[in-house]
Each structure stands twice: as structure tokens, then as C-alpha cells.
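Contents: one structure, followed by commentary.
Hydrogens, waters and symmetry mates are skipped; everything else that's a heavy atom, side chains included, is used. Chain A is the first sequence line, chain B the second, and so forth, proteins listed ahead of strands; every chain is numbered from 1.
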2 protein chains.
Amino acid sequence: MKKATVYDIARVAGVSASTVSRILTGSAKVAEEKRIAVENAVKELDYRPNLMAQSLKTGQSMTLGVLTQYLDSPFSNEMLRGVEKALEGTGYVPIVVSGHWNPQQELDRLRLLIARRVDGILILTGHVSQQNLIELSQQVPIVAAGHNINTERVRSYNVNSRLGGYMATRYLLDLGHTQIAHIVGLADQKDAIERLHGYRQALTSAGIAFDPALVVQGDFCEVGGRDAIKQLVASGRPFSAVFCANDQTGYGALLGLRENGLSVPEDVSLIGFDDLPFSTFSNPPLTTVKQPIYETGVKLAKTLLGLIEGSEESDSIELQDELPELTIVARQSTRPFVE
Amino acid sequence: MKKATVYDIARVAGVSASTVSRILTGSAKVAEEKRIAVENAVKELDYRPNLMAQSLKTGQSMTLGVLTQYLDSPFSNEMLRGVEKALEGTGYVPIVVSGHWNPQQELDRLRLLIARRVDGILILTGHVSQQNLIELSQQVPIVAAGHNINTERVRSYNVNSRLGGYMATRYLLDLGHTQIAHIVGLADQKDAIERLHGYRQALTSAGIAFDPALVVQGDFCEVGGRDAIKQLVASGRPFSAVFCANDQTGYGALLGLRENGLSVPEDVSLIGFDDLPFSTFSNPPLTTVKQPIYETGVKLAKTLLGLIEGSEESDSIELQDELPELTIVARQSTRPFVE
DNA sequence: CTGTTAGCGCGTTCAT
DNA sequence: ATGAACGCGCTAACAG
């Protein structure tokens with residue numbers, strides 16, 4: 001309950017508090033015997049330095065704030081794995097808060113992180129405005145995915161969603177499909193819009209007219225995918241392939257198709273976006289546009305670390321590790337168009 | 001960069017630091033005009049109280065440590081949702097660390113949390129020993145899932161895994177299946193062992209001899225489920241139903257069966273354990289033993305909060321909200337045995 | 001009602 | 001090499 005302090009250690013070890021501090025932080029040479037005495041005292045009292053006090057003194061909390069939207073989003077969690085990996089051994093610990101796609105809550109959470117004096121903030125997804133981003137960055141360095149801004153204290157990284165949308169659709173076209181549906185992601189989300197653009201672009205460049213009836217709204221989640229398929233089938237508009245805005249949508253679509261007596265890939269080919277770990281295990285395994293989610297997490301974290309250490313090196317860090325590009329991972333949910 | 005302090009506010013508002021503090025914490029009556037002056041200064045300087053300093057003073061960090069094994073485990077994340085819900089509006093924020101099923105790392109992380117002066121610790125899964133649990137609890141109150149210990153500063157909650165295993169198997173038996181396989185969870189994990197016990201018990205009470213050839217090792221993950229099915233099929237031992245140690249195993253099994261040309265539920269019935277949100281969307285949707293994961297998260301968090309506030313009320317809290325029991329959720333992965 | 005004073009636990013001068 | 005003294009930002013006790 002009552003925790004030991006440096007003074008307790010000092011008393012037990014028969015030295016002064018500063019000596020204890022010196023030993024613990026390794027900031028100066030100390031006599032071997034005293035070091036041993038202190039180390040024993042630390043063990044005996046099960047002493048843990050109070051990080052709060054340390055932070056107050058040093059101005060560093062060794063904590064990084066991470067804003068995500070849902071704690072249970074497989075996408076964010078995969079990215080978080082990368083973040084965790086990059087932070088390993090650095091002494092920094094992430095503290096994750098979620099905004100639930102609610103702009104006000106996002107901002108509240110961000111302010112909370114600042115109150116906690118995190119040394120930096122990582123925004124995985126969200127719709128904080130550029131304006132807010134810059135304002136907040138006066139208090140703490142920020143690295144954000146899904147933005148296009150690079151100031152001294154804000155860095156961002158963006159997936160080329162339009163290209164991905166193009167690639168997915170192109171892949172389906174190359175398989176001979178011409179009636180290709182698209183399940184859009186969240187209505188006002190940037191990547192969702194970009195992927196739709198890519199889809200249209202691929203269609204156009206293949207000389208196929210864009211048909212609004214083949215585009216249905218999803219929500220980046222399983223439910224949306226399932227409902228979208230239902231709607232699509234009900235509309236009577238024939239289609240032989242579907243490009244889903246992300247893998248989760250694809251899982252829902254898989255179920256929706258089954259419920260309508262359609263098999264994948266026999267009746268309908270399906271392609272997703274992201275390549276979540278689970279996509280190897282969906283039934284059937286999902287063909288998808290692989291995005292380096294994990295690597296992005298690593299990169300974001302490293303960039304933030306660079307920003308924190310001092311803006312000098314951060315540029316070089318950014319250059320030195322380029323992210324892998326988008327690629328198509330062909331699995332069993334797609335096949336050439338027949339008949 | 002340089003953050004404003006109470007003194008800055010005091011200076012700008014023309015009052016003393018304590019008055020600022022009084023207004024911000026609402027700990028005493030203050031003249032209306034000064035309140036306004038302070039509030040304006042706060043806005044003007046974009047002031048955020050330094051939680052580090054606050055903690056140092058009050059001895060509370062308003063932070064709860066949560067130990068999980070993997071950041072991307074859907075099970076833990078579902079429970080975490082419950083925790084988040086219970087913490088809403090309490091001012092407490094969870095900080096999540098992961099142990100990766102590595103005992104040493106678990107302990108390290110736990111100590112890290114203590115160094116950060118979390119006000120309490122929540123252990124969602126893991127294999128910290130009773131011994132360690134009690135030792136750590138001297139420094140901070142702990143609530144742990146999957147343990148059987150209740151001291152003044154440690155509370156725990158346990159799923160009745162054996163009963164669940166029994167229920168699952170019984171359900172399959174009632175459908176007429178007699179050759180029922182079981183994919184076990186992690187080898188040395190308590191719940192995994194209990195579920196296996198339940199499975200055997202149900203078999204025995206139905207007068208069916210236990211056949212070791214029908215029990216294969218999994219790992220609580222999709223991979224394990226898939227591999228287990230492979231192994232099972234390769235062994236040549238016929239079976240018409242499978243009880244999977246958890247839903248994730250079930251998803252893998254679903255794929256494994258498909259890969260072996262077996263359909264669910266036509267050829268093989270499949271039942272899982274947990275009822276993860278995704279089980280509604282698996283292909284086909286998974287019949288499973290529903291465990292109140294979310295509610296458990298809520299309960300764990302509330303219990304911990306009770307422990308923190310003062311051990312007096314914590315008992316009543318524990319009594320007043322009983323958790324829902326285990327139930328079978330019948331979906332499309334099971335059907336009566338035929339032929 | 002309000003300002004002054006002290007101290008939470010630590011790291012870091014500054015002397016010695 | 002080591003101890004004493006100070007201050008990080010804040011709140012609480014004590015005067016007034």
C-alpha cells in the first residue's frame with residue numbers, strides 16, 4: 001500500500017537519496033559497495049521508482065498516446081502490434097484511447113492524453129481536422145495516419161487508397177469480370193471515397209460504363225457488408241464480382257452471399273482490402289489488396305520517436321525505411337469469369 | 001511546447017495559485033468574478049492541468065492497469081470493451097499492456113504498471129502465480145479473471161469452463177451425435193483443461209466411451225483449429241461433430257473442414273465457446289456456448305473500482321450484479337445427426 | 001473567501 | 001565520489 005521511496009532505500013542502505021538516484025539512473029560513478037547495498041535495499045523493499053515524480057522532474061512521461069476508433073477493430077489492432085513492436089525496448093509505453101468515430105470524443109480523448117503529458121501522440125484513424133491537429137501539435141508532437149500534412153511537429157502518412165481501389169477492380173477486370181459491384185466504406189471517410197474513385201477509374205480505363213446501381217453503401221464492418229449484399233441481390237442488378245472497401249466488409253459479404261444461395265467464388269468473385277490476418281482463415285480465404293498495416297504501425301511509431309528525440313533526425317528516419325507497396329494477394333474468393 | 005502552469009493562470013487572472021486550484025477542482029467556494037477571470041485565462045493559455053503533478057500530490061493516478069496477452073485477441077478486446085464501458089465517466093483511464101503468454105514478460109509488465117502508479121490492476125488473462133498475485137497486491141489492488149483467490153486486496157472471477165464444456169458436448173449428443181471430437185485449447189491453460197473435463201464428463205454420463213483419438217491439440221487460435229482438423233482427418237478416425245475449445249478455434253476448423261471437402265453442418269457439426277461478436281458472421285454462423293465476455297469486463301472493472309474506493313463497499317458491489325450464465329446459442333454450424 | 005506555506009518523490013545542481 | 005538543497009506543478013493545511 002505505502003510504497004517505498006528513494007529515502008527509504010537511502011536509509012536502509014545507509015547512503016543519501018542522491019546516491020540512490022545516481023545508481024538507479026546510472027548518471028554517475030558510485031562506489032561498488034554502496035551500489036550493492038542500494039541494490040539489496042531495492043530488492044528488500046520491492047522498490048519501484050515513482051514514474052509520476054520522475055516525469056514531473058524530467059518533463060518526460062515516457063508515455064505515448066494512441067488514438068484509435070474502436071478497441072476491437074482488427075485493423076487498428078494489427079497496426080497497434082506494429083507500434084508495440086517499434087516501442088519495444090525504448091522505454092516508451094503506449095496508452096490507447098478510442099474515439100468511436102465521434103469527432104467530439106476524439107478531441108476530448110486527445111486533450112486527455114495531453115493532460116497526461118504523453119510525450120507524443122499517434123493517430124491511427126479518425127477525422128480530426130488539420131486545424132485541430134496543428135493546434136494540438138503546439139503542445140505535443142503528433143504523427144497521424146490518413147492525413148496530408150507535414151509541419152515541424154506533425155507528420156502524417158497516407159495509404160494510396162485510390163491506387164488500391166484501382167488495383168482491386170483491375171484484378172477483377174483481368175479475370176474477365178465486367179459486372180463488378182462495389183461496397184463502399186464509411187460514407188464520409190477519406191479512404192472510402194478514394195477507393196471508390198479508384199474503382200471508377202479502373203472501370204473507365206477499361207471502357208466500362210459506371211453503373212450507380214452496382215455501388216452500395218457499407219460501413220467498413222461485417223454488418224455493412226452483409227446488408228449491402230442483401231440490398232444488391234434484392235435490386236436484381238446482376239453482378240459476377242464484388243470489390244469490398246475492406247476485408248471486414250468482405251467477411252460480411254461472404255455471409256450475405258451464402259444466405260442468398262450464392263457461392264464464392266463459383267457464382268461471385270470477392271476481393272477485399274487490407275489483408276487482415278484473419279483473411280487467411282475466412283471461408284473461403286479472401287483475395288485482397290494487401291496493405292502493410294503492421295509495417296505502417298512500426299513506421300508511425302518510429303517517426304514519432306524521431307520527432308520526440310529532436311526534429312533533426314526525424315527526416316532521415318522517414319526516408320530510411322520506405323513502406324512496402326500495395327499488392328494483390330490472390331486467395332480462393334476470386335476466379336476467372338465463366339459463361 | 002512549454003506548457004502553462006497554475007502559476008501562469010494565477011498571474012494572468014490576478015489571483016493566487018491556490019485559488020486557481022480551488023476553482024479547477026471545485027474544492028471550495030470562490031468569488032464569481034475570480035472564477036470567470038480564471039476560466040478565461042485557462043482558455044487563453046490553453047491550459048491543461050499536469051496529471052503527473054496532480055498524482056504526485058494526491059497519490060492517485062486515475063489510471064488502471066490492464067494486463068492482456070495479445071493486443072489483437074478478439075476475446076480480450078471484447079472484455080476490454082466492457083471495461084471501457086464501466087470506466088466511462090469515472091475519470092479512470094485504462095492503460096493496456098500485453099504479456100504474450102510469456103510469464104516473465106507478464107511480470108515485467110505488471111511491475112511497469114506499478115511503477116506508473118496505477119490505482120489498480122486488472123488481469124484479463126495470463127498465468128501469474130497466486131504467489132506473485134498476492135505479493136503484487138501489497139502495492140496495488142488487483143482483480144483477476146481466471147483465478148480462485150479472494151483476499152482483501154485481490155478479487156477474482158472465473159468462468160465455469162467445465163460446465164461449458166459439458167453443455168457443448170451435451171448439445172451435440174442431444175442432436176444425436178456420438179462420434180464427437182474435441183479440439184483442446186492451450187496445453188497448460190486452466191480453462192482449456194476444464195473444458196476438456198466437461199467434454200469427457202458429458203460423454204461418460206451419456207454412456208459413451210472416451211476415445212483419445214478424437215481429442216486433438218489446438219491453441220485457442222484459428223491456426224490451431226485448422227491444423228487440428230487436418231490431423232483429425234488424416235488419422236482416419238470418423239467423427240460427425242466437433243467441440244472447439246473456443247470460437248477462434250472454430251473459425252479455423254471451419255476452414256480446415258472445407259479444405260478437406262467436408263461441409264458444415266451437412267457433414268460435420270461444429271460448436272465453439274465464447275460467442276465472439278464475429279461468430280454471427282462466420283461462414284456459416286457458429287453455434288457456440290455463450291459466455292458473458294462483455295459483462296465480465298464490466299464486472300471486473302466495477303469490482304476493481306470498489307476495491308479502490310475502499311474495501312467496505314466492494315463486497316456489496318460484487319453481490320449486486322450477478323453475471324448472466326452460460327447459454328447455448330444455436331446457429332448454423334450444427335444440425336441433427338443423420339444416417 | 002483567499003493568499004501563504006509546505007510537501008508529494010525524484011533528479012540535479014552545487015558544494016565539499 | 002557523495003551529501004545538502006532546490007524545484008518540477010500541484011493541492012491541502014494553515015492563517016488571515
Side-chain angles (χ1 to χ4, degrees), chain A residues 1-39 41-42 45-63 91 112 114-119 139-140, chain B residues 1-39 41-42 45-63 91 112 114-119 139-140:
Chain A
M1 194 77 211
K2 197 84 189 73
K3 279 111 174 178
T5 75
V6 269
Y7 291 99
D8 298 321
I9 302 295
R11 189 167 25 77
V12 172
V15 296
S16 80
S18 356
T19 300
V20 175
S21 173
R22 277 191 264 265
I23 292 174
L24 264 32
T25 61
S27 60
K29 286 261 160 269
V30 179
E32 195 54 25
E33 36 169 302
K34 310 210 169 188
R35 140 165 294 118
I36 297 175
V38 166
E39 279 167 359
V42 165
L45 302 186
D46 199 13
Y47 168 77
R48 310 280 146 200
N50 184 334
L51 244 91
M52 300 293 171
Q54 245 170 235
S55 301
L56 191 56
K57 183 67 194 171
T58 63
Q60 288 221 309
S61 63
M62 298 309 283
T63 306
L112 179 76
I114 291 181
R116 289 193 172 260
R117 291 304 188 268
V118 293
D119 296 329
Q139 312 235 19
V140 60
Chain B
M1 196 78 212
K2 198 83 189 71
K3 278 110 173 179
T5 76
V6 268
Y7 290 101
D8 297 322
I9 303 295
R11 188 167 26 75
V12 172
V15 296
S16 79
S18 5
T19 300
V20 175
S21 173
R22 278 190 265 265
I23 292 173
L24 264 32
T25 62
S27 59
K29 286 260 158 267
V30 179
E32 195 54 25
E33 36 170 299
K34 310 209 170 188
R35 140 165 292 119
I36 298 175
V38 166
E39 279 167 359
V42 165
L45 302 187
D46 198 16
Y47 169 75
R48 312 276 148 200
N50 185 334
L51 245 85
M52 299 292 169
Q54 240 169 245
S55 301
L56 190 56
K57 181 66 193 172
T58 62
Q60 288 222 311
S61 64
M62 298 310 283
T63 306
L112 180 76
I114 291 181
R116 289 193 171 261
R117 291 305 188 265
V118 294
D119 296 329
Q139 311 234 21
V140 60

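Considering CZ of A:R22 and OG of A:S16, their distance stands at 6.0 Å, rounded to 0.5 Å. Atom CZ of A:R48 sits about 14.5 Å away from atom OG1 of A:T5, to the nearest 0.5 Å.
The shortest distance between the side-chain N/O atoms of A:T19 and the OP1/OP2 oxygens of D:dG3 is below 4.0 Å. Applying the 4.0 Å criterion to OP1 and OP2 of D:dC10, one finds that B:Y47 has a side-chain N or O inside that range. One finds a side-chain N or O of B:S21 lying less than 4.0 angstrom from the OP1 or OP2 phosphate oxygen of D:dT11.
Of all the residues in residues 26-38 of chain B, B:K29, B:V30, B:A31, B:K34 reach under 4.0 Å from DNA chain C with at least one non-hydrogen atom.
Listed nucleotides: D:dC10, C:dG11, C:dG3. Nearest to the side chain of B:V15: C:dG3. In this structure, of D:dG3, C:dT4, C:dC8, it is C:dT4 that holds the atom nearest to the side chain of B:S16.
Here the P atom of nucleotide C:dG11 and the CD atom of A:Q54 are 4 Å apart, to the nearest Å. We find that CG of B:N50 is positioned 13 Å from C1' of C:dC8, with the value rounded to whole Å.
In the interface, the side chain of B:R22 is paired with the base of C:dG3 through a donor and an acceptor atom under 3.5 Å apart.
Counting all heavy atoms, side chain and backbone alike, B:Y7 lies closest to B:A17 at CE2-CB, 3.7 Å. Contact between A:Q60 and A:D119 at its shortest, heavy atoms only, is CA-OD1, 3.6 Å.
When each of B:V42, B:V20, B:L45 is paired with B:D8, the side chain to side chain contact (heavy atoms under 4.5 Å, CB included) condition holds for B:L45 and for no other.
Both B:A53 and B:A17 sit near DNA chain C, but only B:A17 has its closest nucleotide nearer the 5' end. Ranked by how close their nearest DNA chain C nucleotide is to the 5' end, A:K57 and B:Y7 are led by B:Y7.
Axis angle, first five pairs versus last five pairs of the helix from C:dC1-D:dG16 to C:dT16-D:dA1: 50°, rounded to 10°.
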